[in-house]
Amino acid sequence: MAGYRKKNADGPNSEDKALDLFAEMMIEKIESIRKDWKKPWFTEGALQWPKNLSGREYNGMNAFMLLLHCEKEGYKIPRFCTFDCVQRLNNPGKDGKELPRVSVLRGEKSFPVMLTTFTCIHKETKECTTPHFLDRL
């Protein structure tokens, strides 16, 4: 699946792993509905859109992968976060105010998502800049 890029000598990178997982999930889903082609791709319970803990909705391939993952695992609340987010939420803020505690169930495994970034280059100065909205990610 991820053969269109030059292979890393150390093995597949995290992007390749995520793309391979996406391909596996798509094949599994197509095979599961092949017998009943009228069956919807997602059951009614899996129709909530996945979000991060701050409420921002996932989009693109990440949203689709997380929907497939929620349905397969039987998750009822499609909320996801990074390890760094859990660490940040579990440490008191700079003002000493206690933030809500977040925990992860023992035995939970990580699930890869794609991080897409881009750089803006100023036409005249050729200076690289990051769009302001990326600062909030």
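Being a predicted model, the structure only gives us computed values, none of them experimental.
Within the 4.5 Å cutoff, no side-chain heavy atoms of Pro78 are placed close to those of Leu67. Looking only at side-chain heavy atoms (C-beta outward), Lys72 and Met25 stay at 4.5 Å or farther from each other. Leu66 places none of its side-chain heavy atoms less than 4.5 Å from the side chain of Trp49.
Applying the side-chain contact (heavy atoms from CB on, under 4.5 Å) criterion to Glu24, with sequence neighbours excluded, gives Leu21. Residues satisfying the side chain to side chain donor-acceptor pair (under 3.5 Å) criterion with Glu108, sequence neighbours excluded, are Tyr75. Considering only residues two or more places apart in sequence or on other chains, Ser110 meets the side chain to side chain donor-acceptor pair (under 3.5 Å) condition with none of them. Considering only residues two or more places apart in sequence or on other chains, Asn59 meets the side-chain contact (heavy atoms from CB on, under 4.5 Å) condition with none of them. Remark: Glu124 pairs with His122 by the side-chain contact (heavy atoms from CB on, under 4.5 Å) rule, at least two apart or across chains.
The environment of CD1 in Ile30 is crowded: more than 12 heavy-atom neighbours from other residues, nucleotides or ligands sit within 6.0 Å.
The cluster map of Ile, Leu, Val, Met, Phe, Trp and Tyr, joined by side-chain heavy atoms under 4.5 Å apart, puts Leu19 and Met26 in the same cluster.
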Which atom pairs, donor and acceptor, lie under 3.5 Å between side-chain atoms of residues 79-86 and protein residues at least two apart or in another chain?
| residue | atom | partner | partner atom | Å |
| --- | --- | --- | --- | --- |
| Thr82 | OG1 | Cys85 | N | 3.0 |

Intermediate values then yes/no, side-chain contact (heavy atoms from CB on, under 4.5 Å), Met65 and Tyr58: CA-CA 10 Å; Met65 284 180 66; Tyr58 285 89; over 6 Å; no

